[in-house]
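The structure under discussion appears below in the form of structure tokens.
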Amino acid sequence: MPICANCRHRWSFRETLRAMYTLKPTMTCPNCKQEQHLTSASRKRGAFMPFLILIPMLLNVFFEMNWLTLIGGMLLVAVVFNLVYPRLIEVTNEEEPIW
Ligand SMILES: [Zn+2]
């Protein structure tokens, strides 16, 4: 879970999830209201994660799954992503270049 670089507040799971799904590139600390930027490592992980949703589709190529299993697999990946990714987020005060 991210820890605010400004006030050292450890974000709760719910606060992190809410901040993840805004259109802003920054995340606002729920404690001190300071804008926080994702670290470049966090952004790289975040850019890679959505590709996990393709795994059930890839498996479908090799094992003929019915559409219900396929949709269920994609939903499962989406749920796991939302449970895991907020725990991997780190934030800083300064914006870092991604590479
Ligand atoms: Zn803060």
Side-chain angles (χ1 to χ4, degrees):
M1 230 60 85
I3 296 172
C4 175
N6 190 47
C7 69
R8 311 305 300 163
H9 168 73
R10 181 180 284 271
W11 296 27
S12 71
F13 181 77
R14 182 185 284 235
E15 288 165 348
T16 312
L17 205 60
R18 193 180 298 147
M20 267 170 56
Y21 289 104
T22 60
L23 294 174
K24 289 190 301 178
T26 57
M27 298 166 89
T28 309
C29 173
N31 190 43
C32 67
K33 309 296 179 211
Q34 177 88 24
E35 294 293 318
Q36 298 287 297
H37 301 269
L38 291 178
T39 61
S40 65
S42 293
R43 281 195 288 169
K44 281 177 202 160
R45 277 182 229 135
F48 165 75
M49 291 276 190
F51 289 104
L52 296 178
I53 205 106
L54 298 176
I55 290 175
M57 293 172 92
L58 198 66
L59 287 175
N60 191 40
V61 174
F62 300 106
F63 312 101
E64 293 232 348
M65 300 191 292
N66 64 39
W67 66 271
L68 207 61
T69 315
L70 187 64
I71 300 291
M74 290 166 101
L75 280 175
L76 184 72
V77 170
V79 167
V80 169
F81 170 77
N82 282 299
L83 289 176
V84 172
Y85 184 60
R87 293 165 214 276
L88 302 176
I89 289 179
E90 293 161 359
V91 291
T92 62
N93 282 327
E94 303 293 319
E95 189 169 4
E96 297 175 355
I98 193 160
W99 302 116

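Just so we're clear, the structure is a prediction, and the values are computed from it rather than from any experiment. Along the sequence shown, residues carry numbers from 1.
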Single-linkage hydrophobic cluster, 4.5 Å side-chain cutoff, [X] and [Y] together:
| X | Y | result |
| --- | --- | --- |
| Ile3 | Val84 | no |
| Ile71 | Ile55 | no |
| Leu83 | Leu75 | no |
| Leu76 | Trp67 | no |
| Leu68 | Val79 | no |

Can a side-chain donor-acceptor contact be found between Gln36 and Asn93 if the only test is distance below 3.5 angstrom? yes
Looking only at heavy atoms, what is the nearest atom pair of Cys7 and Cys4, with distance? N-SG, 3.3 Å
Rounded to the nearest 0.5 Å, how far apart are [atom1] of [X] and [atom2] of [Y]?
| X | Y | atom1 | atom2 | value |
| --- | --- | --- | --- | --- |
| Ile89 | Met27 | CD1 | CE | 4.0 Å |
| Leu54 | Leu59 | CG | CG | 11.0 Å |
| Thr39 | Lys44 | OG1 | NZ | 9.0 Å |
| Glu94 | His37 | CD | NE2 | 7.0 Å |
| Met1 | Leu17 | CE | CG | 9.5 Å |

Do the non-hydrogen side-chain atoms of [X] and [Y] ever get within less than 4.5 Å of each other?
| X | Y | answer |
| --- | --- | --- |
| Pro86 | Trp11 | no |
| Thr69 | Phe63 | no |
| Pro97 | Ser40 | no |
| Pro2 | Glu90 | no |
| Val80 | Val77 | no |
| Glu95 | Leu38 | no |

Tell me, please, which residues at least two apart from Glu35 pass salt bridge (charged side-chain N to carboxylate O under 4.0 Å, His left out). Lys24
Set of residues satisfying ring-ring contact (aromatic ring centres under 6.0 Å, His included) with respect to Phe81, sequence neighbours excluded: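 For Phe81 the ring-ring contact (aromatic ring centres under 6.0 Å, His included) partners, ignoring immediate neighbours, are Tyr85.
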Greater than 12 external heavy atoms within 6.0 Å of Arg87's CZ: yes
